[in-house]
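In what follows, a structure is listed as structure tokens, so that the remarks can point back to it.
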Amino acid sequence: MRISKLFGKTRREIPAEADTTSHQLLLKAGMIHQIAAGVYAYLPLAWRSLRKIENIIREEMNEAGGQEMMMPALQPLELWQETGRDQAFGKNLFTFSDRRDRQLTLGPTHEEVATKIASSTIQSYRDLPMMIYHIQTKFRDELRPRAGLVRVREFTMKDLYSFDIDEEGLDISYNKMLRAYQNIYNRCGLPALLIEADSGAIGGKDSNEFMVIHESGEDEVIYCPHCKYAANAEKAQSIKDKIENGKPLPIEEIATPGMSSIEQVASFLKVPHSQTLKAVFYSADGEFTFVVIRGDIEVNETKLKNVIGCTELRLATETETAAAGITTGFASPIGLNGIKTIADDSITTSTNLIAGGNKADTHLKNVNYPRDFQADIITDIALARAGESCPKCQGKLLSETGIEVGHIFKLGTFLSQKLGAMFIDPEGNSQPIFMGSYGIGIGRLLAALIENSHDDKGIIWPMSVTPYQVHLCPLYRDNSNIEEMAENIYNDLKSQEIEVIFDDRNESPGVKFNDADLLGIPLRITISPRTLEKNSVEVKWRTEKKAHLIPLEGLTVKVKELISRSLSELSNPV
RNA sequence: CGGGGUGUAGCGCAGCCAGGUAGCGCACCUGAAUGGGGUUCAGGUGGUCGCCGGUUCAAAUCCGGCCACCCCGACCA
């Protein structure tokens, strides 16, 4: 490709709207163009990289036994209503009506469609196990698209669905995918951490995410440096320190005028936050719910949602709280009637806590569970934090932010039961198919790659996913000798199927080098009067400062060798 | 949806407060010189000032409404 003909120009200044590195570099390098919030066009350079990533994914999916097919983006909303996931997705689902007033949705994912097809295609245990996948455009009406390609409303995703006869079969399929995913990240040169994740509204047993640890990420990862325990903060467990406040004492009412927050109460009574009881009120699918947790710990709403089993969970409004007869700021689980109460297990290991008095300006001292109140459910609903102890090895937990570049789920039989995807077992009984779902967002992977691999000059592509392998950079091109040599080298490299981008512009060396660094092609070949004097060209890796001279004679063979060596460093299958 | 911000040429911005022929830099076109890390000079092309309405002799500028985009939060298989 000649840069003079390339669709998409590099820029010196970047649109003010971009403030994430990958977004800035993608714009600066002329690789993407924004059309609306969270909607992008991919220009030729980005498209080449995206296709390479897709192909790596395709190869690994095929290797693991997946069969590629294509499912439609346009889906009847009815299908989503059958599984109830229209509610779970809520407004994230793009929906509209066709000319006959039938409601349609642009698929945010394809479990429903895949399951529907499986229900008619798979009939016997002899048809299982089976894995199908496609690479296709998804639509999600995100509340807030952000950070360039990191969170968008239209994006390409590879999603694979596995179908098995039982839990053990699912485990096998799941592990195959897990290995395939690790191969994908390795081949893309992207260090992705495998972590435990919440499986969300669809339920299911296990779920894992692949995270690229990076400050611009949107997810918090809690991990243990000692035993490699790592989990999404929504899922993470920790050992809560026990707080002993002595033997249970008699309950006592105390005046706390105007002290309505944990902060105020604790400092007023000169006790640590951990000796207080915090009350939080939620509306869970419309039901008013009272949540109690130790004062120093935050509620993990994902855990809470799973415990309650609701689809919509939000903090209750002041009106709702008042309607439930609760005195905000002085709420208490004691003497509560007819309100669903959920408590974190942290309150069972502490004694003599300070709780609200259920009337203004009053708190209760020496509150003890279960002596003074009961909860409908007692379990872990706490947000794990860095500094707490690892649930596996007692080591100290740490926290980082990360970009989610893959998510895999053991779905179990939830969807197959809803949609009637059954098979006949060897005994002749009808059984629901065990399903798994495995997704990778291609564009986000690209963004994560750039976040992970760049310097202040530009992108640094791994050889496997670079738009081009070689950047050919002749200096003083109007010198006819250079021009001719450069054209020859360009043609030689191309004839050996080396992917080369040729800076055939008559620009100054500074401009060319800066653009080369910005585009981030792994190998740069410079040809100038200076190198020609020695019958050589300069070859420089994007990752290195220094260039070295390579003779013109045998150049193509040498370059081919460098490329394949670079590629082989990226592929060591798990 | 709550909070904050921005819309003027392809990009970055000034002009608005105090209404009076729309400007600068980059990019782009022409020419010349130069050139190993965004080179210089000269000449040029390009704008419904986000949209609709109001005030006014006159609106990029003042007033009202709307829209779009960005950031933080909430939300998120």
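Numbers restart at 1 for each chain; the letters A, B, ... are given by sequence-line order, proteins then strands.
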- Message: Within the 4.0 Å limit for protein heavy atoms, which parts of nucleotides 67-75 of chain B are touched? Write it as a string from 5' to 3', B for base, S for sugar-phosphate only, - for none.
- Response: --SSBBBBB

- Readout for nucleotides 30-49 of chain B: B = base within 4.0 Å of protein heavy atom, S = sugar-phosphate only, - = neither; 5' to 3' it is -----BBBBS----------

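With sequence neighbours excluded, the residues that form a side-chain hydrogen bond (donor to acceptor under 3.5 Å, both in side chains) with H134(A) are K138(A), D159(A).
The CD atom of Q24(A) sits 12 Å away from the P atom of rG12(B) (whole-angstrom rounding). Atom pair H407(A):NE2 and rC76(B):P shows a separation of 13 Å (rounding to whole Å applied). Per the geometry, CD belonging to E404(A) stands 13 Å off P belonging to rC76(B), to the nearest Å. If you take CG of L25(A) and C1' of rC11(B), they are 16 Å apart, rounded to a whole angstrom. Atom C1' of nucleotide rC24(B) and atom CD of E13(A) are separated by 12 Å, given to the nearest angstrom.
When both pairing distances are held under 3.5 Å, rG64(B) makes a Watson-Crick or G-U pair with rC52(B). Within the shown strands, nothing qualifies as a pairing partner of rU21(B) under the Watson-Crick or G-U definition with both distances less than 3.5 Å. Base pairing analysis places rC76(B) opposite nothing; no Watson-Crick or G-U wobble pair with both distances below 3.5 Å involves it.
Nucleic acid contact for L27(A): none, since no nucleic acid atom lies under 4.0 Å from a heavy atom of the residue.
In summary, the side chains of S207(A) and H407(A) do present a donor paired with an acceptor at a separation below 3.5 Å, with no hydrogens or angles considered.
Checked for salt-bridge contact, R151(A) and E218(A) meet the test: a charged N lies under 4.0 Å from a carboxylate O.
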